[in-house]
Amino acid sequence: KEWNIILVFGHNPAFTTVANSFEGDYIDNVPTCGVVKVTASINDWKDFNEKTGNVSAFYYPKQFL
């Protein structure tokens, strides 16, 4: 089966560190219920890494209040 999208869930401080390992604006903190979208133009998941991916969106609850 071919997968084009995956979702990964976790906790801080690891997720903020992971988000900041990709190209894009620095994120001070990924808050509870925050979502970081990382995109990559690759043909195989084995090619996904901090050099091929970049942060294309960052959403957090206070944006929507």
For the CD atom on Glu50, are there more than 12 heavy atoms of other groups (residues, nucleotides or ligands in this structure) within a distance under 6.0 Å? yes

Under the side-chain hydrogen bond (donor to acceptor under 3.5 Å, both in side chains) definition, can you give me all pairs with a residue in residues 35-49, not counting sequence neighbours? Thr39-Asn54

What's the shortest heavy-atom distance between Phe48 and Gly53, and which atoms? CE1-CA, 4.4 Å

Which pairs would a plain distance check flag for residues 11-22, meaning a side-chain donor or acceptor within less than 3.5 Å of a matching protein atom at least two apart in sequence or in another chain?
{"unit_1": "Asn12", "atom_1": "OD1", "unit_2": "Thr16", "atom_2": "N", "d": "3.0"}
{"unit_1": "Asn12", "atom_1": "OD1", "unit_2": "Thr16", "atom_2": "OG1", "d": "2.7"}
{"unit_1": "Asn12", "atom_1": "ND2", "unit_2": "Thr16", "atom_2": "OG1", "d": "3.3"}
{"unit_1": "Asn12", "atom_1": "ND2", "unit_2": "Asn29", "atom_2": "OD1", "d": "3.1"}
{"unit_1": "Asn12", "atom_1": "ND2", "unit_2": "Val30", "atom_2": "O", "d": "2.4"}
{"unit_1": "Thr16", "atom_1": "OG1", "unit_2": "Val30", "atom_2": "N", "d": "2.9"}
{"unit_1": "Thr17", "atom_1": "OG1", "unit_2": "Pro13", "atom_2": "O", "d": "3.2"}
{"unit_1": "Asn20", "atom_1": "OD1", "unit_2": "Ile27", "atom_2": "N", "d": "2.8"}
{"unit_1": "Asn20", "atom_1": "ND2", "unit_2": "Thr16", "atom_2": "O", "d": "3.2"}
{"unit_1": "Asn20", "atom_1": "ND2", "unit_2": "Ile27", "atom_2": "O", "d": "2.7"}
{"unit_1": "Ser21", "atom_1": "OG", "unit_2": "Val18", "atom_2": "O", "d": "2.6"}

Heavy-atom count around Ile5 CD1 within 6.0 Å, excluding the residue itself: above 12? no

Here the side-chain hydrogen bond (donor to acceptor under 3.5 Å, both in side chains) pairs for residues 56-65, sequence neighbours left out, are none

Are Val8 and Phe58 co-members of a hydrophobic cluster defined by side-chain heavy atoms under 4.5 Å apart? yes

Can you list, by chain and residue number, the hydrophobic cluster partners of Leu7 when the side-chain cut-off is 4.5 Å? Phe9

